[in-house]
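Worksheet: the structure to be examined is printed underneath.
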Amino acid sequence: MSSRAERSLPGRLPSLSPVSFTMLVVVGAVIIASIGQVAPSPEKLAVGVPKLLDLLGRMMPPNTEPAFMQRMFWRIIETFQIALAGTVIGIVLSLPMAWLAARGVSPLGIFRHAPKVVISLFRTVPDLVWALLFVSTVGLGAVAGTMTIIVDTIGFCGRFFAEAMEDADKKPQEALQAIGANRVSVLFGVILPDIMPSLINSSLFALEKAVRASVVLGLVGAGGIGQELKVAFDLFQYKNASAIILAIFLIVLVMEVVTDRLRVKFQ
Amino acid sequence: MQEVIRTSDLAKTYPNGKSVFAGVKLSISPDQRVALIGANGAGKSTLLKCLIGLLPSSQGEIMTLGESFSSTPSSAQLYRLRRQIGFVFQNHGLVGRQSVLTNVIHGKLGLPGSWRAWHHSLAQGNWREEAMQVLSEVKLSEKAKSRADELSGGQAQRVAIARALIRRPKLLIADEPAASLDPAVGRDIMKIFSDLAREHGITLVYTTHDMEHALNYSDRIIALKAGEVFFDLPTRDVSRAEIDNVFQG
Ligand SMILES: Nc1ncnc2c1ncn2[C@@H]1O[C@H](COP(=O)(O)OP(=O)(O)O)[C@@H](O)[C@H]1O
Ligand SMILES: [Mg+2]
């Protein structure tokens with residue numbers, strides 16, 4: 001009787017097949033090796049932390065000279081301009097891209113995978129890589145930044161717009177197709193109004209994302225406030241750097257408050 | 001007078017081998033209100049779609065509104081057919097987030113000059129007036145500005161009727177238009193159909209699996225059973241027992 005109980009009692013640990021066990025050991029080894037090679041060692045921390053505190057000390061107080069503040073102000077405006085122009089153009093381009101890519105909606109049939117691949121490519125390559133690419137093609141400055149945000153937005157909105165279009169209510173689409181409405185009429189008359197809340201939501205997220213991206217694009221020369229931050233660090237102007245970091249904090253915070261408000265409004 | 005719909009020896013088998021009906025011979029004259037009845041799965045929807053060219057038939061000839069075709073109409077024929085036909089389905093198929101007025105004007109889509117019919121604010125002025133006219137015919141003028149998703153089921157179905165009427169159709173096709181409504185509301189809807197068809201001289205073909213809807217709102221009843229036309233009679237000559245028989249196994 002006790003032997004039967006033993007047989008049916010599950011072990012404390014799930015039994016592992018040899019393959020799973022080997023995989024587990026390999027993954028464990030990779031993690032441990034990685035930590036050893038790139039994570040900060042105690043010695044590194046012992047040196048680094050005081051240095052960081054020293055740096056923070058030299059950043060205080062943030063620079064508030066009027067001339068500097070004025071230059072920053074224009075950089076902040078430029079940052080918002082990059083984000084706004086890039087997002088709006090990106091959203092406008094995302095709509096047709098998503099339409100061409102969406103299953104059951106696209107007029108391209110099987111070739112809808114072509115725009116889909118482009119959207120995925122835009123999404124998966126990181127924005128700083130796009131920025132480097134555009135800086136080396138159109139030169140330093142805000143234009144490269146805006147182009148980066150456009151590509152970023154298409155990667156993000158293209159995907160979510162297409163998914164929303166695929167999920168749109170099919171019944172009115174079928175009712176209007178039956179009387180001979182063409183695809184463009186169905187898009188504008190049925191699909192877009194149907195998915196408007198989700199379009200607005202994705203667009204606001206895209207704008208928020210764009211503002212975050214546009215503050216760092218300057219680090220690779222693509223315009224905006226990030227450019228000032230890079231200059232400040234390059235020239236060891238730490239009081240300028242701290243002022244810029246505060247400004248970035250404010251920009252992102254303002255953006256989040258604004259988009260949250262808008263989201264509630266458009267619910 | 002020429003028939004609105006005539007078929008001879010019509011058969012439909014789906015690509016998966018499912019044979020729905022065969023040897024269907026019909027002749028529907030103008031101004032008739034025809035109830036097409038049959039149990040669930042008898043092939044009512046399939047037959048309707050074949051008659052108006054939305055589904056290819058497998059055998060036989062179809063003549064609808066002067067267009068003769070076998071299997072499927074040519075695209076020119078389909079275009080002409082669609083211009084003269086209005087549809088209403090069991091599900092109203094309205095765009096919930098659009099106004100009632102816009103939904104009614106959607107009924108003009110597919111007609112010449114309809115590229116701006118996707119929103120009432122863009123549509124030509126006389127179409128907007130026509131939309132208000134048909135809305136008043138279904139007694140919903142006061143709802144023109146409401147969003148379609150704020151309507152009750154019966155109101156939504158009335159908007160769907162208005163959307164079909166604005167095409168000024170010669171033939172109105174309704175597939176189970178009252179099936180998902182409360183009984184009283186369903187009777188209202190059937191009455192609206194029947195009265196409007198009579199008033200405008202529209203040929204009405206509707207499907208139903210409700211005995212009262214078949215008997216009270218039609219001039220003629222066509223019954224489908226076991227893949228064939230079981231009977232095809234003027235409504236006044238049809239007894240309840242015969243209808244019961246249609247719905248029985
Ligand atoms: N696309 C399809 N492919 C295969 N069989 C179908 C298809 N559509 C309907 N059927 C079958 O054809 C028969 C008739 O269906 P339908 O015309 O919808 O009947 P009804 O409208 O009278 O309820 C049913 O048995 C149904 O399962
Ligand atoms: Mg049916």
Side-chain angles (χ1 to χ4, degrees), chain A residues 91-92 94-96 98-100 102-110 157 160-205 262-267, chain B residues 45 48-49 52-55 73 75-99 102-123 147-149 156 159-160 163-164 166-167 169 172-173 175 180:
Chain A
I91 288 170
V92 169
S94 293
L95 283 169
W99 181 58
L100 293 175
R103 181 172 21 84
V105 174
S106 168
L108 297 185
I110 177 127
C157 286
F160 286 106
F161 288 2
E163 283 177 4
M165 287 178 188
E166 288 170 5
D167 292 342
D169 190 358
K170 287 281 178 295
K171 285 170 227 117
Q173 297 180 44
E174 283 159 8
L176 296 184
Q177 274 155 6
I179 61 174
N182 61 34
R183 287 174 187 278
V184 177
S185 302
V186 170
L187 175 70
F188 284 106
V190 184
I191 299 176
L192 290 184
D194 195 38
I195 64 174
M196 195 50 77
S198 129
L199 291 187
I200 290 174
N201 207 21
S202 302
S203 300
L204 288 174
F205 270 117
L262 289 176
R263 246 189 291 281
V264 170
K265 189 167 149 53
F266 285 114
Q267 265 319 297
Chain B
S45 303
L48 274 190
K49 285 184 193 148
I52 54 186
L54 289 183
L55 206 60
S75 57
Q77 285 181 317
L78 189 59
Y79 177 74
R80 287 195 294 268
L81 279 175
R82 280 168 161 167
R83 286 185 61 171
Q84 308 176 70
I85 299 178
F87 301 90
V88 177
F89 302 101
Q90 174 172 352
N91 180 289
H92 50 74
L94 302 181
V95 186
R97 300 180 53 83
Q98 293 276 41
S99 67
T102 289
N103 271 287
V104 173
I105 289 177
H106 280 172
K108 289 284 195 188
L109 287 171
L111 300 182
S114 68
W115 63 273
R116 23 181 212 157
W118 46 267
H119 196 274
H120 80 83
S121 61
L122 300 170
R147 254 171 60 163
D149 54 10
V159 175
R163 183 174 68 182
I166 198 175
R167 290 177 89 74
L172 187 54
I173 298 285
D175 195 2
S180 52

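Heavy atoms only: backbone and side chains are in, while hydrogens, waters and symmetry mates are out. Labels below follow one simple rule: chain letters A, B, ... track the order of the sequence lines, proteins then strands, and each chain is numbered from 1.
For A:Q177, the part lying under 4.5 angstrom from a heavy atom of chain B is the backbone only. Looking at B:R83, there are no atoms closer than 4.5 Å to chain A (heavy atoms on both sides), in backbone or side chain. Interface remark: A:I179 contributes backbone and side-chain atoms alike to the contact with chain B (heavy atom separation under 4.5 Å). Looking at B:L94, only its backbone comes within 4.5 Å of chain A, counting heavy atoms on both sides. With a 4.5 Å cut-off on non-hydrogen atoms, B:H119 does not touch chain A at all.
Between the CG atom of B:N91 and the CG atom of A:D169 there is a distance of 7.0 Å, given to the nearest 0.5 Å. Rounded to the nearest 0.5 angstrom, B:F89 CZ and A:K171 NZ are separated by 13.0 Å. To the nearest 0.5 Å, the span separating CH2 on B:W115 from CG on A:N182 amounts to 11.5 Å.
Looking at B:R163 and A:L176, their side chains come closer than 4.5 Å, going by heavy atoms from C-beta outward. Two residues are said to be in side-chain contact when any heavy atoms from C-beta on lie closer than 4.5 Å; A:P197 and B:R97 meet this criterion.
Contact count versus chain A (heavy atoms, under 4.5 Å) is highest, among B:G93, B:G86, B:G110, B:A160, for B:G93. Ranked by non-hydrogen atom pairs under 4.5 Å with chain B, the options A:S185, A:A168, A:A178 are led by A:A178.
Residues B:Q98 and A:P193 come closest through the heavy atom pair NE2-CG, 3.1 Å.
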